[in-house]
Amino acid sequence: MQWMKISNSKLHYFNPGHEASVCPGKTHYTPAAPVRKMMEDLELLPLWYGAAGDYVWVDSAAQTSRFLSSVPPALRPAVLPLSQAGGHATATKPLEAAPWGLSPQSICFFESLRKRGVPLVVSPWKEAYTRLTGRQTAAECLRKVQALLPETSSIACPRFCTSPEEIRQFMSIYPPPCLLKMPYSCSGRGLHWIRTDRLETPTLQWIAGALKKQGQVSIEPVVDKVCDFAMEFESDGKGQVTYRGLSVFETLPKGSFCSCLLGSEESLRNRLLACVPEKSLRDLCDAVTAVLTERLGAVYRGCLGVDMLIFRRRNGAFAIHPLIELNLRYTMGLVALQLSRRWIHPSAGGRLTVVCESTRGAACASHLRMEKTYPLQLENGKIRSGYFSLCPVTPETHYRACCVLT
């Protein structure tokens, strides 16, 4: 399946954690230090999901040049770097602003580039995006999907609370373990686990901080998870939402993203079919597509991912939770899809992993060790096995995005 190109060439900008700037609506929002470091270390990630003729904004043209020269010619992407210092490419026609995630801050950033002479078409922020980005819309879509898939109706929807008393009321109906979430957060951030029947002091402190920042928190029961997966979509903003592919991913114990599986759509689907019937997946895709089309197809334009999971019921039977999170942005699942289709050998399998190593030099040492232990092997211009870094790794690097294939 070819990726649909719904626009002219784009200028990509990697801004993870954009959800946190949507709630306050701050155009000059400053991300937390770890997020800023991730933006710095992984700024070249759009090289691997952008389309031919697109550009990616980079701060360090020299570092980008060194990295691209180290990439085997068969693997070099067709996305071009663009930077304030000039870099390797000059955009000669207007580019569509394409952040990882749309937010008031990202629009402000692109407007600043446009004022400096970068030829950009920057769409204005719509107030509807605020609601769409919050977890309230995901809960709303979950209820609509459940109406189309009655077999999922027993799954509890998240409840949005404005006080500890409301949370305790929910816990009296759905005993812990439960999971608290800030409405504007993603990728394992803004989560807090409740594992006991009482709201302990650390939990009450977390609730107070979250309510002060965002006014609400959601709570939902934790199910016996077997496998995380997602479906990736694209909305044209004119009423059409199209399924683009499947993603199977892994998370750390506290819920943050760890890795995505790499491989053909068939191989990923077969992992899920070991637990659930193929018809269930088809019906799920149809239902989610219909709900997304109705809810945001005529408002939002761009990529989006829907996180789902397979869990085990108390009687031991497998079941699907049809909508855990709605991510109105590019996702690591999309990156894995594009890598698998463009650069991974059809017979190969492996993982796309994001690793954080906080000690100075540790990421670089791990990178060099992995290169030596898992040498890159190509077959017919595609990765057959080995280790491959998607972004530059230096002694100052903390975050690595890399592929390991076997």
Under 3.5 Å, is there a donor-acceptor pair linking the side chains of [X] and [Y]?
| X | Y | result |
| --- | --- | --- |
| S259 | E250 | yes |
| Q63 | T394 | no |
| H12 | D54 | yes |
| R341 | S264 | no |
| E234 | Q240 | no |
| T203 | H192 | yes |
| E166 | T162 | yes |
| S366 | R369 | yes |
| R384 | S347 | no |

Can [X] and [Y] be counted as an ion pair, charged N to O under 4.0 angstrom?
| X | Y | answer |
| --- | --- | --- |
| R282 | D286 | no |
| E19 | R329 | yes |
| E96 | R301 | yes |
| R159 | E220 | no |
| E265 | R269 | yes |

Residue pair F229, M308: steps toward the side chain to side chain contact (heavy atoms under 4.5 Å, CB included) verdict: CA-CA 5 Å; F229 71 103; M308 308 166 177; 3.5 Å; yes

Within the 4.5 Å heavy-atom criterion, are [X] and [Y] side-chain neighbours or not?
| X | Y | value |
| --- | --- | --- |
| C402 | Y387 | yes |
| F160 | R135 | yes |
| P164 | R168 | yes |
| Y55 | K10 | no |
| D41 | V393 | no |
| I219 | I194 | yes |
| Q216 | Q136 | yes |
| E396 | C364 | no |

Nearest 0.5 Å, please: how far is [atom2] in [Y] from [atom1] in [X]?
| X | Y | atom1 | atom2 | answer |
| --- | --- | --- | --- | --- |
| S267 | L261 | OG | CG | 8.0 Å |
| K126 | I107 | NZ | CD1 | 10.0 Å |
| T152 | L323 | OG1 | CG | 10.0 Å |

Geometric class of the F67/W48 ring pair [parallel <30°, tilted 30-60°, perpendicular >60°]: perpendicular

Check [X] against [Y] and note the closest heavy-atom contact, atom names and distance.
| X | Y | answer |
| --- | --- | --- |
| C178 | M171 | SG-CG, 4.4 Å |
| S83 | W57 | C-CH2, 3.5 Å |
| A401 | L45 | CB-CD1, 4.0 Å |
| L352 | F257 | O-CZ, 4.4 Å |

Trace of the side chain to side chain contact (heavy atoms under 4.5 Å, CB included) decision for K37 with Y399: CA-CA 8 Å; K37 185 58 177 168; Y399 289 90; 4.1 Å; yes

Side chain to side chain contact (heavy atoms under 4.5 Å, CB included) between L378 and L75, intermediate numbers included: CA-CA 9 Å; L378 303 183; L75 302 181; 4.0 Å; yes

Aromatic centroids of F110 and Y13 separated by under 6.0 Å: yes

Verdict with supporting geometry, I344 and L405, side chain to side chain contact (heavy atoms under 4.5 Å, CB included): CA-CA 9 Å; I344 306 302; L405 294 107; 3.3 Å; yes

